[in-house]
Amino acid sequence: MSEAKQTYDPAAIEPKWQQFWREHDVFRARNPGDPDFDPRQPKYYALDMFPYPSAAGLHVGHPEGYTATDIVSRWKRAKGCNVLHPMGWDAFGLPAEQYAIQTNTHPAETTAANIATFRRQLQRLGFSYDWNREISTADPQYFRWTQWIWKRLYERGLAYESNAPVWWCEALGTVLANDEVVNGRSERGDHPCERRPLRQWVLKITDYAERLLADLDGLDWSESLKTMQREWIGKSEGAEVDFAVDGPAAAKVRVFTTRPDTLFGASFLVLSPEHPLVAAITTPAQRAAVEAYQKAAAAKSELERTDLAKTKTGVATGAFARNPLFAADDARGRIPIWIADYVIVTYGTGAIMAVPAGDERDFAFARTFGLPIPGIFAPATGAAERDADIAAGRACCTDEVPYAAHCRTADGSLALAGRSLADAKRATIAWLVQRGCGEAKVTYKLRDWLFSRQRYWGEPFPVLHTQDGVELVPDAQLPVTLPRMADFKPGGTPESPLIRAKEWVATKDTKGRPAQREINTMPGAAGSSWYFLRFCDPHNEREFCSRAASDYWLPVDLYVGGTEHAVGHLLYSRFWTKVLHDDGRVGTVEPFGKLYNQGMIQAFAYEDGRGAVVPMANVKEDGDDAVHAATGEKLKRIVTKMSKRYGNVINPDDVVNEYGADTLRLYEMYMGPLADSKPWNPKDVPGVFRFLQRSWRLVVPEFAEKGAVHEWLRQDRPDDPALEKALHRTIHKVDGDIERMAFNTAIAAMMIFVNEATKAMDRLSRSQLLRFAQLLQPFAPHLAEELWQRLGGRGLLARAAWPQVDAVLLVDDEVELAVQVLGKVRARVTVPADADQATVLAAARQAAASWLDGKTVVKEIVVPKKLVNFVVK
RNA sequence: GCGGGGAUGGCGGAACGGCAGACGCAGCGGCCUUAAAAGCCGCAGGCCGGCAACGGCCGUGAGGGUUCGAGUCCCUCUCCCCGCACCA
């Protein structure tokens, strides 16, 4: 056979190994009870946030996190773990449906096509997923169990129908959950949204607020993400206080406050314009003004209402309330009741006691309307002017400072002077409780989860509306599938398009009487709230997931995805897990032990002099600069999101076609720390390709028979000591770097090894290259498997054990020390690694002799194996 | 405004309080080649001096501090990114 040129050709080796792995089911995870299950192996569950299969296909951002979990999965397998590494599709929901509407194709078809594209794209990248466990949330065999879990929520009193105001988005034709609306606009599509009272299904996530908050502490998540969830849950502790309304209405206004200790300074009440009591208490003289204000507030957008920069607005109702701390004849206790849009109807009780001396907002409001600002503090900070202002109510103080002596009731039953903030709060609450006009209260910002949508492409609720009210579809009749509809567009009314499927809607209840199916569908986040459970037992036809399977696999050991799901998906999944736990269905209370947020992959773009981005099609390279193709204007390079508009979107398929999947994987890991956002630089990609090519060259001669290796690698021989040492260092470094998810430095370490090995190529041994292939395997699995096979490695590399490190080889016999004089490096010495301090100092003195000449050494610092520092005078 | 993260060569980025700039890109020089590409071997923070080997000084957003020693720790400030934003 003639000697052909043997080049590194990913297009030839990658599909071959992908096919081989799949045909031999190499990455199948074994459940307890399966044949070949080995109970001695530790389990490891590595999970990616599964994608929405959008029509645009895979984005380069997807493989970033997926490569990271794949590296960890392959490494854990090599370390002897039973690894669960699954992939599936978040296939229901708005994006799929919007695309279906745009293309006038049924969402079932577009979704199937998109999934096929995503699957093909992912499979080209050589991820070690157990494809036997692939799931789609839009598959009836999957959403059957989504419906089943929803029934358990209903039975536990956690799902209810509500008519409260919800976010309605006209453009999307559906209502949206709080986390899907940002500043009064839809997160998806940026359409305006408004509050409307509509009948909706709601999940009582607020019942779990305290546990969702408390259990965050034990999780291995980034502090910033935990903080986001804490703030979203928004716990605040305080009190509710009743204020009797003076006059004919004889009503009581209940307010929530976190500062009951400042009740002595409450000089007016503020109700939100929507507060139900407003109409009843408003005096005839104020009615016109109040109603006008209410109308104006209702017409304002959410953005206008929450604009912090604007001055406070409000109107007096004409009514007065009694501050419970003051006697009936005490003028200080008679305080006016106002309405203002800075008080939010949905938080607390929708009413506040205003304490201008202790709250910036109340202070600003009092100033605007000339309301009294009674001082309640007696600060003694030494800043005399400010102290006096605070005492007199000319300035507002939110810090903990001493209370004024007049913070006491007439009978002395409550006196705050001398008490700490915490103590004063306690004492005030106790006083209120004793008199039946208040109680301690914890409030959360977290709202119940709006769980229905007026869209076609979602899970139908297993609910019938009968003459007796709501009836659930029996478990045995699940799944309730969607009717096939030619026209599935939203109707522009707050009713789902399912209302037009008349034959589907009209059905019979369990007693055979006419009933209507629920026409709302579940939100996109329904299916994704439990998919990590289904992966544990995806083919179970009797249960959503067997207890044995979830007990074995959960919690997820490593969950990787973007921060965009910080308060939506991650909170909902935690909630459902806790409910299923309380129902005895899963053992764990938290689904995700360790969570890692990858950064965003950005791109370069070019700006002209006006700061406008010039599409890439109009950008021309001119030496080191970029210029406008038409005008020749010099352009400035910036880093932005990839965007179709800028023409700087990188398609993973193109990268694979040009360089191969191993290069794509390696480049994405080499760009920088996984958690950081960083720009894609097309010029850097060939760098990692070259590294793979050099790795190939260590094994395969340039001209040889097909499949041949260098002649010196055809049989075993003793390891070259220097290369062996370098290899052990590399193994040690790569091992530690994978552990801490520092993939960029792991790759750099392998590059260093390959550079050294290339210079001494003919001294390499087969054993050394087999071990190097093992190291490379998690990162560039195809090339590594190919090299392993050519070198005659035993069995499959994907199943081979991780190479051992000999600690002895990690230490040098001799070390080079820096010799510093006054902290500046002046010389270097090489000494035996085990040299004692005196020897080291003697050598260092000699080396730095010219710098020490004529000086007195006052201190000698020796850092073993690093440096010597002489402090001289 | 509040909370979190960040700022290191021309670019992406490395650096348990211990030799700043590993590794890669771009750049420069050499080898190979008729030539080019590829590949291989080198050089490469800035400034100053020297034919050169080399030597000196300055350098991690700005300013202070702690320390024998600071990119790393502390304080003040500037700018950038992310989240929250009248939540009582």
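Excluded from the calculations below are hydrogen atoms, water molecules and symmetry mates; all remaining heavy atoms, backbone and side chain alike, are included. The sequence lines fix the lettering, A, B, ..., with proteins before strands; numbering per chain opens at 1.
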Please tell me which of the listed nucleotides, [options], lies nearest to the side chain of [X]?
X	options	answer
A:T227	B:G3, B:G18, B:A88	B:G3
A:N755	B:C19, B:G12, B:C23	B:C23
A:A818	B:A88, B:C19, B:A15	B:C19
A:Y347	B:A88, B:C19, B:C57	B:A88
A:F256	B:A88, B:C68, B:C19	B:A88
A:E816	B:G12, B:C19, B:G18	B:C19
A:P673	B:G18, B:G13, B:A88	B:G13
A:K683	B:C25, B:C40, B:G18	B:C25
A:D341	B:C23, B:C86, B:G13	B:C86

Any-strand Watson-Crick or G-U partner of [N], both distances under 3.5 Å:
N	value
B:C40	B:G30
B:G17	none
B:C84	B:G1

Does any donor-acceptor pair link the side chain of A:K759 with the base of B:C41 at a separation under 3.5 Å?
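Answer no: no donor N or O sits under 3.5 Å from an acceptor.
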Would you kindly compare A:M228 and A:R447 by the position of their nearest RNA chain B nucleotide and give the one closer to the 5′ end?
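Residue closer to the 5' terminus by nearest nucleotide: A:M228.
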5′-ward residue of the pair A:M751/A:V639 relative to RNA chain B
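Between the two, 5'-proximity favours A:V639.
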Determine the Euclidean distance between corresponding [atom1] atoms of [M] and [N]; express it in Å to zero decimal places.
N	M	atom1	result
B:A35	B:G24	P	28 Å
B:G49	B:C43	P	25 Å
B:U33	B:G39	C1'	11 Å
B:A20	B:C58	P	13 Å
B:C2	B:C86	P	15 Å
B:U72	B:A85	P	34 Å
B:G59	B:U8	C1'	10 Å
B:C23	B:G13	C1'	8 Å

If you compare every side-chain N and O of [X] against the phosphate oxygens of [N] (OP1, OP2), does one of them come in below 4.0 Å?
X	N	answer
A:R826	B:C57	yes
A:K824	B:C58	yes
A:S236	B:A88	yes
A:Q693	B:G39	yes

Aromatic plane relationship, A:F779 with A:F743 - under 30° parallel, 30 to 60° tilted, over 60° perpendicular
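Rings of A:F743 and A:F779: perpendicular, over 60°.
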Would you please classify the geometry between the A:Y667 ring and the A:W680 ring as parallel, tilted or perpendicular, with 30° and 60° separating the classes?
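Ring orientation of A:W680 relative to A:Y667: perpendicular.
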What's the verdict on salt bridge (charged side-chain N to carboxylate O under 4.0 Å, His left out) for A:R259 and A:D362, showing C-alpha distance, side-chain angles and the deciding distance?
CA-CA 13 Å; A:R259 293 291 302 271; A:D362 300 343; over 6 Å; no
Whole-Å gap separating [atom2] ([N]) and [atom1] ([X]):
X	N	atom1	atom2	value
A:M750	B:G24	CE	C1'	13 Å
A:F689	B:A38	CZ	P	13 Å
A:I861	B:G18	CD1	P	14 Å

Within a radius of less than 6.0 Å around CD of A:E816, do more than 12 heavy atoms belonging to other residues, nucleotides or ligands occur?
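For A:E816, atom CD is crowded (more than 12 foreign heavy atoms under 6.0 Å).
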